[in-house]
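Worksheet for the structure shown next.
Computed from a prediction, not measured in an experiment: that's the story for all the values here. Every number for a ligand or one of its atoms is a count from 1 in the order of the listing.
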Amino acid sequence: MRYSRNVVNEVLRLSPPAPGAFKHVISDFTYEGFTIPTGWKAHWSVFSTHQNPKYFPDPKKFDPARFEGSGPMPFSFVPFGGGPRMCPGAEFARLVILSFIHNLVTRFKWEKLLPDEKVKFDPSPVPVNGLPIRLMPHKC
Ligand code: HEM
């Protein structure tokens, strides 16, 4: 399951279901020369964090090997956020995704019916036609 987990992580990196979240600023701070005052709302972006070449070299490339060994730096891979308000459903979500993939690939050969189906962001990425697929059982 380790390779499958790396594949899931790489999908969550390139196509994060949650684009980010808003945080209420509780004390003034300065970032990159900009002063952010208390009371403002700040949005942290999962997508742009995951595209930062400093943490993910060649960021557009699909490469599950990024997650081998100790993996990315802490707080650089944040599909579920990070810190005290991190998603409490993260491990449950991973379990569901991995169980689904395991059953799909061990039981079926499958193919997309619309190879060029577009994905819309609304705000999460969703295949516009619902990703119709053809399933062929390995054993009848
Ligand atoms: C692929 C699936 C999921 C993704 C990508 C995801 C992502 C996120 C993200 C990015 C946050 C914001 C974290 C932050 O603000 O720092 C969050 C918060 C949260 N998520 Fe998820 N989530 C997923 C599934 C789930 C599931 C299955 C549950 C519940 C069973 C869940 C419950 C929550 C709750 C309650 C919060 C608010 C936590 C707080 O503000 O303290 N999520 N999630």
Might you work through the side chain to side chain contact (heavy atoms under 4.5 Å, CB included) test for Val8 and Leu98, ending with a clear yes or no? CA-CA 8 Å; Val8 170; Leu98 281 164; 3.9 Å; yes
Side chain to side chain, Leu135 and Lys109, heavy atoms closer than 4.5 Å: no
Show the atoms of ligand 1 that are less than 4.0 angstrom away from any heavy atom in Ala21. 15 (O)
Carefully, step by step, assess Met136 and Phe108 under the rule side chain to side chain contact (heavy atoms under 4.5 Å, CB included). CA-CA 5 Å; Met136 291 146 288; Phe108 302 99; over 6 Å; no
Any chance you could lay out the side chain to side chain contact (heavy atoms under 4.5 Å, CB included) test for Gln51 and Lys60, step after step, and finish with the verdict? CA-CA 7 Å; Gln51 293 295 320; Lys60 302 269 180 238; 3.2 Å; yes
Do His24 and Lys41 have side-chain N/O donor and acceptor atoms under 3.5 Å apart? yes
To the nearest 0.1 Å, how far is atom 40 (O) of ligand 1 from its closest protein heavy atom, and which atom is that? Arg85 NH2, 3.0 Å
Any non-hydrogen side-chain atom of Glu111 less than 4.5 Å from a side-chain atom of Ile133? no
Who's the nearest protein heavy-atom neighbour of atom 7 (C) of ligand 1, and how far? Pro79 O, 3.5 Å
Phe29 atom CZ, neighbour heavy-atom count above 12 within 6.0 Å: yes
Suppose we measure from atom 27 (C) of ligand 1 to each protein heavy atom; which comes out shortest, and what is that distance? Phe92 CD2, 3.7 Å
Just distance, no hydrogens or angles: give the donor-acceptor pairs under 3.5 Å from side chains in residues 61-85, sequence neighbours left out.
| unit_1 | atom_1 | unit_2 | atom_2 | d |
| --- | --- | --- | --- | --- |
| Asp63 | OD1 | Ala65 | N | 3.1 |
| Arg66 | NE | Glu10 | OE2 | 2.9 |
| Arg66 | NH1 | Pro57 | O | 2.8 |
| Arg66 | NH2 | Pro57 | O | 3.3 |
| Arg66 | NH2 | Asp58 | O | 2.9 |
| Arg66 | NH2 | Lys61 | O | 2.9 |
| Ser76 | OG | Met73 | N | 3.3 |
| Ser76 | OG | Met73 | O | 2.5 |

I would like to know whether Val7 and Ile101 meet side chain to side chain contact (heavy atoms under 4.5 Å, CB included); could you show each step before the answer? CA-CA 10 Å; Val7 168; Ile101 291 178; 5.6 Å; no
Identify, by atom number and element, the atoms of ligand 1 in contact range of Lys23, meaning under 4.0 Å from any of its heavy atoms. 14 (C), 15 (O), 16 (O)
Keeping to distances under 2.8 Å, can you name the protein N/O/S atoms close to atom 21 (Fe) of ligand 1? Cys87 SG
Should the proximity of Trp44 to ligand 1, defined as any heavy atom under 4.0 Å, be assigned to the side chain, the backbone, both, or neither? side chain
